[in-house]
Structures are given as structure tokens and as C-alpha cells.
Amino acid sequence: MSDHEQQQPAPRRGKVLEALARAERKVFTRPAPKSAKAQVKFLLTRMEGSARSLAERVGTSTRTIERYRAGKLKKPQKRLQAALAEATESEWQPQVRAQARAQASTSSGMMVEVTAYFGFACKGSSDDGRERQITTEISPIYAKQILELQEAGATEGDLHPIVAEAITESYFTEWGTRAAGLRADFTHVSKIDFRF
């Protein structure tokens, strides 16, 4: 293993970003390739056969990519296995993913299930923040904003305020019919899942 491979940490996404990626995986009509050889072959077709581009994307050497393509290497190290899986899933079935995102952004919205600490800001509020488990719909307007931020490469910190606003709108204020002016923020996310 080269020094270059040892120095790069495994790619990590925040809980909200990972939940969005899981929601996209659930709409796939076929399973993504699982073996390292199949993942490399698939990614090479997406990168027009450029082993160098793929190697840079997953953080390994060109020679390593060529060995996986030839079947000489079978079991990648955890960091490379995670990078290959993430790259494969991000390229897998783009039309299916685009249809689900378009439907969520225009008509159906998304469902969110979250366990997190919610704190509140409102005039006359006596409700202290606490951990809550909430399952609620997110309107297509908020779904579109969340998906656009994700597409633009937003960080976890960029997504938290808009997700909190979407949950506040649908769950706490019931689409503006009660608790006018309430603002909820959430931190310490234990679990979050989205469904298209």
C-alpha cells in the first residue's frame, strides 16, 4: 500500500446527507454492483474508461484500479471499499433518481422521520427543548430546497436550518394554522430517515 492510500481518511457524510443518500438508494429498481470488480467496471464505463480519473476520484492508484478491473485483486480495504460503494451509488440509475427527486420537488414532497433534540424560539413559549421522535411530511417546496442544496454540495450545517424549518412548518405549526412565529432548531440528531 502506498503512502498516498494510507494518508487519506475514509469519506464521511453527515447524518442528514447520509439519510438523503439512503432515500435515493431505496428508489433504485435494480441493485447496484456489489463486488469491487463490478463496481470498478461500472465506474470505468461512466468515466469513459479512464482509470486515472477513477483512481483520483476514489483516492487510490491507477495500477490498483487496473488490478481490480482485471480481477487480480478481489477484496479492497475498508476505505477503498467505502469510496467505491459511494461512487457507484452516486452514478447508479441516474434517471430513476432524477424522477424521484422531480416528483418530490413538484408534487409529493418527502416524509422525514427524525429523532433529535428540538429547541424552540417563540414569544411566550414555555416549552423547553427536548429530544423528540417525529415523523412528518415535508412539502414539495421544502423538499425542492433540500434536494437543491444537496445537489449543490451543501454541508450538514447548511441543511440543518432548512430541514428544521420544514419540520416546524409541517409538524409544529401544522402548515401555519397554529403557533405563529414558532421557530424550531434541531441538534444532536440520533436518527434521521427520508422517504420519497
Side-chain angles (χ1 to χ4, degrees), residues 1-105 108 110-116 135 143 146-160 163 188-196:
M1 178 178 3
S2 70
D3 290 336
H4 178 68
E5 286 180 320
Q6 291 176 345
Q7 291 174 355
Q8 290 187 345
R12 299 245 19 232
R13 291 188 278 200
K15 290 184 179 181
V16 174
L17 290 168
E18 185 57 40
L20 288 167
R22 277 194 313 270
E24 287 182 341
R25 285 193 298 266
K26 289 177 186 174
V27 299
F28 291 160
T29 57
R30 294 183 327 203
K34 299 285 185 224
S35 72
K37 181 178 179 179
Q39 289 172 335
V40 166
K41 283 187 173 188
F42 168 73
L43 289 168
L44 284 170
T45 61
R46 292 290 185 186
M47 305 196 97
E48 299 173 355
S50 174
R52 174 180 278 170
S53 296
L54 178 56
E56 289 173 5
R57 180 172 178 181
V58 297
T60 191
S61 69
T62 304
R63 183 70 184 123
T64 301
I65 295 299
E66 291 168 355
R67 287 180 182 144
Y68 280 108
R69 179 185 1 198
K72 292 179 182 174
L73 293 178
K74 304 257 189 240
K75 181 86 171 122
Q77 294 178 352
K78 287 182 182 180
R79 183 200 53 76
L80 181 57
Q81 186 175 14
L84 284 171
E86 185 176 333
T88 301
E89 288 169 359
S90 71
E91 295 286 335
W92 189 248
Q93 293 191 329
Q95 287 130 349
V96 172
R97 181 184 294 117
Q99 284 176 341
R101 293 170 73 91
Q103 184 176 0
S105 297
S108 67
M110 294 189 297
M111 288 291 291
V112 63
E113 182 178 336
V114 63
T115 303
T135 302
I146 291 167
L147 294 171
E148 284 175 350
L149 281 171
Q150 178 200 23
E151 192 85 14
T155 64
E156 193 78 2
D158 297 333
L159 288 168
H160 270 228
V163 173
H188 309 303
V189 177
S190 302
K191 179 187 126 186
I192 186 164
D193 281 308
F194 291 97
R195 288 188 301 275
F196 289 109

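Looking at K191 and V114, their side chains never come closer than 4.5 Å, going by heavy atoms from C-beta outward. Contact of the R46 side chain with the P94 side chain is registered, since non-hydrogen atoms from C-beta on lie closer than 4.5 Å. Contact of the E91 side chain with the E86 side chain is not registered, since no non-hydrogen atoms from C-beta on lie closer than 4.5 Å. When side chains are defined from C-beta on, K15 does not count as touching E18, because their heavy atoms never get closer than 4.5 Å. Proximity of T60 to I65: side-chain heavy atoms (C-beta onward) are separated by under 4.5 Å at one or more points.
In this structure, L20 CG and E151 CD are separated by 11.0 Å, a value rounded to the nearest 0.5 Å. Atoms OG and CE, from S53 and M47 in turn, are 5.0 Å apart once rounded to the nearest 0.5 Å. Atoms CD and CG, on Q150 and L17 in that order, are 6.5 Å from each other to the nearest 0.5 Å. To the nearest 0.5 angstrom, T115 atom OG1 is 14.0 Å from H188 atom NE2. In this structure, CG on L43 lies 4.0 Å from OG1 on T88, to the nearest 0.5 angstrom. For the atom pair F194 CZ and M111 CE, the distance stands at 11.5 Å (nearest 0.5 Å).
Partner T64 forms a side chain to side chain contact (heavy atoms under 4.5 Å, CB included) with one of V58, V40, L73, L54 and no other, that one being L73.
With hydrogens and angles disregarded, no donor-acceptor distance shorter than 3.5 Å links the side chain of R195 to the backbone of M110. Under a 3.5 Å cut-off, the side chain of E156 and the backbone N or O of V16 do form a donor-acceptor pair. Using modelled atom types, no side-chain atom of R101 and backbone atom of E148 make a donor-acceptor pair closer than 3.5 Å.
Across every non-hydrogen atom of T62 and A55, the tightest pair is N-CB, 3.6 Å. Across all their heavy atoms, A38 and P33 have their closest contact at CB-CB, 3.8 Å. Nearest heavy atoms, A36 versus P76: CB-CD, 3.8 Å.
Counting only residues at least two apart or in different chains, ring pair (Phe, Tyr, Trp, His ring centres under 6.0 Å) contacts with residues 34-71 comprise F42-W92. Residue pairs meeting the side-chain hydrogen bond (donor to acceptor under 3.5 Å, both in side chains) criterion with at least one member in residues 29-41, sequence neighbours excluded: T29-Q93.
No more than 12 heavy-atom neighbours from other residues, nucleotides or ligands sit within 6.0 angstrom of CZ on R52.
For R57 and S90, the side-chain atoms include at least one donor-acceptor pair closer than 3.5 Å.
A salt bridge between E66 and K72 is absent, with no side-chain N of the basic residue lying under 4.0 Å from a carboxylate O of the acidic one.
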